[in-house]
> 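There's a structure below that I have some questions on.
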Amino acid sequence: QVQLVESGGGLVQPGGSLRLSCAVSGRTSSRTTMAWFRQAPGKARESVAAISAMGGTTYYTNAVKGRFTISRDNAKNTVYLQMNNLQPEDTAVYYCAAKYTTLYSTDWDSQATYDYWGQGTQVTVLS
């Protein structure tokens, strides 16, 4: 079993930055593929970014490329999402997710392939 706890959300002005954290505990957390998803009000949950077990491979949805960076510190069992130049359309609840399978380009953004989810953290960018 894996437990995920997100933190770092908040209220920010357009152009501002936030860093989300996801604390991972349970089964050998350093071997998990990790990802961030988000769900805006009235919309379906969508993928944001994913990172391989050792951090060597990352994927991003087009809307956040160049602004967001996913990283991980396996010694601290923590995954991060650095979000820069935030815009009102980034307003959403952000979820951390994990799976014990290899990160592939073909399914990194498939929610159905992730086994564990956090409770989410709210990010609000003022408009």
Side-chain angles (χ1 to χ4, degrees):
Q1 194 75 0
V2 173
Q3 292 80 42
L4 309 175
V5 179
E6 303 98 332
S7 61
L11 191 66
V12 65
Q13 296 280 353
S17 297
L18 285 174
R19 188 176 80 157
L20 305 183
S21 298
C22 175
V24 186
S25 61
R27 286 176 58 194
T28 320
S29 55
S30 63
R31 289 159 57 181
T32 55
T33 290
M34 301 295 299
W36 288 94
F37 291 79
R38 67 185 181 184
Q39 187 167 21
K43 295 187 177 181
R45 190 160 56 185
E46 63 178 4
S47 58
V48 176
I51 188 167
S52 59
M54 299 309 295
T57 302
T58 57
Y59 294 106
Y60 298 91
T61 193
N62 287 337
V64 308
K65 282 181 181 177
R67 301 188 299 123
F68 291 12
T69 303
I70 188 171
S71 62
R72 66 191 297 163
D73 185 340
N74 286 341
K76 295 183 178 180
N77 295 326
T78 302
V79 177
Y80 305 98
L81 186 67
Q82 177 67 43
M83 306 186 294
N84 298 327
N85 191 22
L86 283 160
Q87 300 300 316
E89 54 265 33
D90 296 315
T91 294
V93 177
Y94 283 71
Y95 297 91
C96 179
K99 60 181 177 180
Y100 276 95
T101 53
T102 302
L103 177 65
Y104 295 111
S105 61
T106 51
D107 69 357
W108 73 268
D109 54 351
S110 172
Q111 298 179 49
T113 65
Y114 289 85
D115 302 306
Y116 304 98
W117 293 82
Q119 82 289 348
T121 185
Q122 176 71 48
V123 171
T124 303
V125 185
L126 299 173
S127 58

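What's counted below: heavy atoms across the whole structure, side chains too, no hydrogens, waters or symmetry copies. Residue numbers start at 1 and run along the sequence shown.
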> Test side chain to side chain contact (heavy atoms under 4.5 Å, CB included) on Thr113 and Thr101; report intermediate values, then the result.
CA-CA 9 Å; Thr113 65; Thr101 53; 5.5 Å; no
> Minimum heavy-atom separation for Ala98 to Thr32, with atom names?
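Result for this residue pair: CB-CB, 4.3 Å.
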> Give the minimum heavy-atom separation between Leu103 and Ile51, together with the two atoms involved.
CD2-C, 3.6 Å
> Apply side chain to side chain contact (heavy atoms under 4.5 Å, CB included) to residues Met83 and Asp90 and explain how you reach the verdict.
CA-CA 9 Å; Met83 306 186 294; Asp90 296 315; over 6 Å; no
> Closest approach of Asn85 and Ser17, non-hydrogen atoms and distance?
N-OG, 4.2 Å
> With rounding to the nearest 0.5 angstrom, report the CE to CZ distance, Met34 to Arg72.
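Result: 6.5 Å between the selected atoms.
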> Going from CZ on Phe68 to CG on Leu20, what distance comes out if it is rounded to the nearest 0.5 angstrom?
8.0 Å
> Asn74 and Met54: which non-hydrogen atoms are nearest, and at how many Å?
ND2-SD, 4.1 Å
> Distance check, rounded to the nearest 0.5 Å: Leu81 atom CG versus Thr69 atom OG1?
8.0 Å
> Quick one: CH2 on Trp108 to OH on Tyr60, what's the gap to the nearest 0.5 Å?
9.5 Å
> Under a 3.5 Å distance rule, please check whether Glu6 uses its side chain to pair with a backbone N or O of Gly120 as donor and acceptor.
yes
> Can Val64 be reached from Val123 by stepping across I, L, V, M, F, W or Y side chains whose heavy atoms are under 4.5 Å apart?
yes
> Looking at CG of Asp115 and NZ of Lys99, how far apart are the two atoms once the value is rounded to the nearest 0.5 Å?
8.5 Å
> Taking side chain to side chain contact (heavy atoms under 4.5 Å, CB included) as the criterion, tell me which of Val93, Thr91, Val48 meets it with Arg38.
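Among the candidates, only Val48 passes.
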> Closest heavy-atom contact between Phe37 and Asp109?
CE2-O, 3.8 Å
> Please evaluate residues Val79 and Trp36 with respect to the criterion side chain to side chain contact (heavy atoms under 4.5 Å, CB included), reporting the C-alpha separation (whole Å), side-chain torsions for both, the decisive distance (0.1 Å), and the verdict.
CA-CA 9 Å; Val79 177; Trp36 288 94; 3.7 Å; yes
> CD of Gln39 to OH of Tyr95: how many Å apart, nearest 0.5 Å?
5.5 Å
> Is there a side chain to side chain contact (heavy atoms under 4.5 Å, CB included) between Asp73 and Tyr80 once you walk through the steps?
CA-CA 8 Å; Asp73 185 340; Tyr80 305 98; 4.1 Å; yes
> Compare every heavy atom of Pro14 with every heavy atom of Gln87, then report the nearest pair and how far apart it is.
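Taking every non-hydrogen atom into account, OE1-CB, 4.5 Å.
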